[in-house]
Structures are given as structure tokens and as C-alpha cells.
Amino acid sequence: MDRKKNYQISPIEMGISLVSLILGIGILTVPRGLANAVGTTDGWISILIAGIITMFAIYLYTRLQQNYPQKTYLQYIAEGKVGKWGAKLIGLIFIFYFLTLVSLQSRLLAMAVKMYLIDQTPSEVVVAIILLVITYAASKGVQGIVHIHLMFTPFIFFALFSVIIFNLGEADFGRLSPVMSEGIGPIIEGVLAPMFSFAGIILLFFFMSHMEVSTYRPLSLNLYMLIIILTFTFLTITTYAIFGLEMTKVITFPSIELAKEIELIGAFIERLESLFLTVYIMAIFTTMANILLIIHKVVYEQFIGTQKHRSSIPAIILFVIFLAAFIPDSITELESLGNFLAIFGVGLLIFLFIIGFLTVWLRNKRNNSSVEKSSQM
């Protein structure tokens, strides 16, 4: 899939790609998800806790990646007869997770576009068009996707922080008090809501193989992760301060509604939701294209291998995504699917770390035994 096999991703490019991917996953739904999961205005604390856990996970994966430089996680696991079948099994899990995730994102995008931009256009048409476009983007490989991240991310941040800053004048931060009114329990329960987005660090399992070994440093990646955490925190706090907890629970897309609240130059400029939604489309476009590229890479590397049937694989994947996107019937079912993916994503990360470190330990032990036997001979 990659046009340049030896393309090297710099730490800055990797960090920006991580930021762009995670923002695209949860930019619309995190405030609402937290409001319903926590039940108080302490959801921003849940974001901080989830962020710390994710930063630790990034540290762990960076250490893990140092054991197989210039290889992806699956390429390392696939070494050996047993590992080959283990990698295929993990590959199937990856495909299920990412297919479900991109289906969910497709449907959310279609709902947002239909609600705020083109209400007469069928959702099926919107989903079909976006899937065709992201397939073309994914065909450009890792280098193309990374450059799209670099191009769109500044616009995404400008739009997000504009929405936050221009709403500060109307914000009532008293709505966020009292802090921890019901204790730590609800806050811990709400950690899964932002983990739906933060599980996007699985991107590292595929893209870090394109980085120079000397750049495998957790600190630089965690600095970018900190930017994501603070962005989600400020966005959630602003949402609560503008709409309050109960209103946030029922608003379908709180981030877009924040853009509707902006009035500039004495209300001469207002209803900026269309502009914000356009920027959101940039974010979700890069996210979905990234996920689709990973699906293609897993399918080709683990199950196809040769050029046979390669041209038909993207069409089959698109057809499956299109059908899966319309299985949920409502925003409530989509929210339930998001909760499932959050739990599944966290469980998948834990599983991948256990298998990864266990594989490294066993292979190092085997190699050390081989060296000892050779020295004795």
C-alpha cells in the first residue's frame, strides 16, 4: 500500500498524527458521553485520569517497540510457526475493532451532516461518498496519510480553540461546582468515555515501525498526548459551563452546538456551526482514512500476501463498513456501540501488551539459552 516503503516518520509527524487521529474519534461525542457516564460535572477529572493511564500506555509501548525496531507489532508476533497463527488471530481482532470503529464514525458523520448541513440528502449517500473518498486517501499509504494529518491539524485546533475562547464570555463556571459532589466513584466510572478516543494510540502499533530507532522516546509522544488531554478537558469544561449538565446529556453533538452559540460583532456574525462542521469533516476524514489504511495493511500482510485479489479487497471492506454503519438505528444505539468499543479498546490494549511483553520475554529467554549452549560447546 505504501508508495515509499522506506518513508521515515519524524517524532513531530508521529505526534501530530496521533493528535489528529484521537481528536477525530471523539471531538463530537466526548462531552455528552461523559455527562451520561459520570452523572455530574466532574467528567473533566475522568479525562485527566484516562489521560494519565494513556500516557503510561504510550510509555509501555515505546519500551516494547524497542525490542523489534523497524517492525510493526504484528510483524514481530508473526515470527515463527506459532507466532504466525497468533498474528493472524490478533489481526482478525484488529480488523473487527477497526471495521466497527470506522462504521460508527461514518454514521456519526452522516448524522451530523444531515442535521446541520444537507438535511434533504439521504444518510446512505453521505456515507457512500465519504467511504469512497477515504479509500482514495488510504491508497496513498503511510506518507500520504501523515501529510494529510499535518495539513489539516492546524485548522482543527484553530476551530476548536476558537469555539472555546469565543464562548468564555457567556460561560458560567459555577455550574461545575461542587467538585466531586458524589465522590470518586462516578469519576472512575466515567474514565471509559474518553478511553473510546484515547484507545486511538493503537496507531503506534503500526506507524512506529516507520520511525528511526533513535526517536523511540515516550516523552515526545506524551507531550502531544498532553495536548489532546488538555483539549478534551477544556472542551468539556466549556460545554458544561455553557449548557449545564442536564442539557449536555441530551444534546446530540455538544461541540457543534457550542459553535452555534458564538455571536461576533454584535450578532452580525453568528451560527458558525457550518464552518465548525466543515473542520470536523477534516478531522473525521483523516481519522477514518488512517483507520482504513491500517485495516488494509493487516488484511494484506496477514491474509493476502501476494498480488492476487488485492484490487478487490478495498471494495469488499467498503461494502462491509457501509452495511455495518446502518445497523444502529439511533444516537442511543450509537452511544451504546461507542461504550462497547471503549471497553473493547481498553481490553485490546491490555491483551496486546501482555502478549507483546510475554513474547519478548520468551524469545529473549530462548536466545539466551541458545547462546549458553553454544558457549558450552
Side-chain angles (χ1 to χ4, degrees), residues 8-27 30 45-77 90 93-94 97-98 101 142 145-146 149-150 153 156-157 191-233 283 286-287 290-291 293-294 297 341-361:
Q8 296 293 320
I9 302 177
S10 70
I12 293 177
E13 290 174 334
M14 186 73 256
I16 291 176
S17 297
L18 191 65
V19 169
S20 178
L21 177 72
I22 294 177
L23 284 179
I25 293 175
I27 192 174
V30 163
I45 304 178
S46 299
I47 295 176
L48 297 178
I49 296 173
I52 293 171
I53 294 172
T54 306
M55 292 173 76
F56 179 66
I58 290 174
Y59 167 79
L60 286 179
Y61 185 72
T62 307
R63 296 296 299 269
L64 185 62
Q65 179 72 43
Q66 292 171 354
N67 293 281
Y68 45 90
Q70 306 297 311
K71 295 179 183 178
T72 66
Y73 179 90
L74 287 181
Q75 287 171 346
Y76 175 70
I77 296 295
I90 296 173
I93 298 173
F94 272 130
Y97 174 70
F98 285 122
L101 180 58
V142 172
I145 293 296
V146 168
H149 283 306
L150 295 176
T153 301
I156 297 169
F157 267 105
V191 167
L192 276 177
M195 287 303 297
F196 168 63
S197 301
F198 293 168
I201 64 168
I202 292 179
L203 169 76
L204 301 176
F205 287 66
F206 298 91
F207 276 26
M208 277 193 74
S209 62
H210 293 272
M211 297 178 67
E212 293 283 354
V213 180
S214 60
T215 62
Y216 291 171
R217 299 191 187 96
L219 179 60
S220 60
L221 291 175
N222 274 329
L223 288 176
Y224 286 97
M225 189 63 215
L226 182 61
I227 294 173
I228 300 171
I229 296 167
L230 294 178
T231 301
F232 277 128
T233 302
T286 55
T287 297
N290 211 141
I291 295 171
L293 173 63
I294 293 174
K297 287 173 70 67
L341 285 176
I343 298 172
F344 190 90
V346 173
L348 178 58
L349 279 172
I350 295 173
F351 172 75
L352 294 174
F353 280 127
I354 292 174
I355 296 299
F357 280 109
L358 183 61
T359 302
V360 169
W361 179 75

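Just so it is clear, the model here is predicted, and its values are computed rather than measured. Numbers here simply count residues along the sequence, with the first being 1.
- Looking at heavy atoms from C-beta onward, Phe205 lies out of side-chain contact with Leu74 at the 4.5 angstrom threshold.
- Side-chain contact between Pro194 and Phe232 is absent, with no heavy atoms from C-beta onward closer than 4.5 Å.
- Counting heavy atoms from C-beta on, the side chains of Phe94 and Ile294 never come closer than 4.5 Å.
- More than 12 heavy-atom neighbours from other residues, nucleotides or ligands sit within 6.0 angstrom of CZ on Phe344.
- Between atom CD of residue Gln70 and atom CD of residue Glu212 there is a gap of 6.0 Å, rounded to the nearest 0.5 Å.
- Atoms OG1 and CD, from Thr215 and Glu13 in turn, are 10.5 Å apart once rounded to the nearest 0.5 Å.
- Using a 4.5 Å heavy-atom threshold, the side chains of Tyr68 and Gln75 count as separate.
- Across every non-hydrogen atom of Met208 and Tyr216, the tightest pair is O-OH, 3.2 Å.
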Trace of the side chain to side chain contact (heavy atoms under 4.5 Å, CB included) decision for Ile229 with Ile47: CA-CA 7 Å; Ile229 296 167; Ile47 295 176; 4.2 Å; yes
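- Taking CD1 of Ile228 as the reference point, atom CD1 of Ile22 lies at 3.5 Å (rounded to 0.5 Å).
- Considering every non-hydrogen atom in both Ile156 and Ser20, the closest pair reads CD1-OG, 4.4 Å.
- Smallest separation of non-hydrogen atoms from Gly200 and Leu18: O-CD1, 4.2 Å.
- To the nearest 0.5 Å, atom CE of residue Met55 and atom CG of residue Leu221 are 10.5 Å apart.
- Using a 4.5 Å heavy-atom threshold, the side chains of Asn222 and Thr62 count as separate.
- The two residues Leu204 and Gln65 have their closest heavy-atom pair at O-OE1, 4.4 Å.
- Taking Tyr73 as the reference, nothing meets the side-chain hydrogen bond (donor to acceptor under 3.5 Å, both in side chains) condition, with sequence neighbours excluded.
- Note: Leu348 CG to Phe353 CZ = 10.0 Å, rounded to the nearest 0.5 Å.
- A donor-acceptor distance shorter than 3.5 angstrom exists from the side chain of Ser209 to the backbone of Phe206, with no hydrogens or angles considered.
- No more than 12 heavy atoms of other residues, nucleotides or ligands lie within 6.0 Å of CD1 in Ile12, so this atom counts as exposed by the packing criterion.
- In this structure the side chain of Ile291 never reaches within 4.5 angstrom of the side chain of Tyr97, judged on heavy atoms.
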Residue pair Ile53, Phe198: steps toward the side chain to side chain contact (heavy atoms under 4.5 Å, CB included) verdict: CA-CA 9 Å; Ile53 294 172; Phe198 293 168; over 6 Å; no
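- For Tyr224, there are no ring-ring contact (aromatic ring centres under 6.0 Å, His included) partners at least two apart in sequence or on another chain.
- For the pair Ile9/Ser17, no side-chain contact is recorded, criterion being any heavy-atom separation below 4.5 Å from C-beta on.
- One distance of note links OG1 of Thr54 with CE of Met225; it measures 4.5 Å at 0.5 Å rounding.
- Side-chain contact between Val19 and Thr231 is absent, with no heavy-atom pair separated by less than 4.5 Å.
- Here the closest non-hydrogen pair linking Pro11 and Met211 is CA-CE, 4.0 Å.
- No side-chain donor-acceptor contact under 3.5 Å links Gln66 to the backbone of Pro69.
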Test log, rule side chain to side chain contact (heavy atoms under 4.5 Å, CB included), inputs Leu101 and Ile25: CA-CA 9 Å; Leu101 180 58; Ile25 293 175; 4.2 Å; yes
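- The environment of Phe56 atom CZ is sparse: at most 12 non-hydrogen atoms of other residues, nucleotides or ligands sit within 6.0 angstrom.
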Side chain to side chain contact (heavy atoms under 4.5 Å, CB included) evaluation trace for His149 with Asn290: CA-CA 9 Å; His149 283 306; Asn290 211 141; 2.6 Å; yes
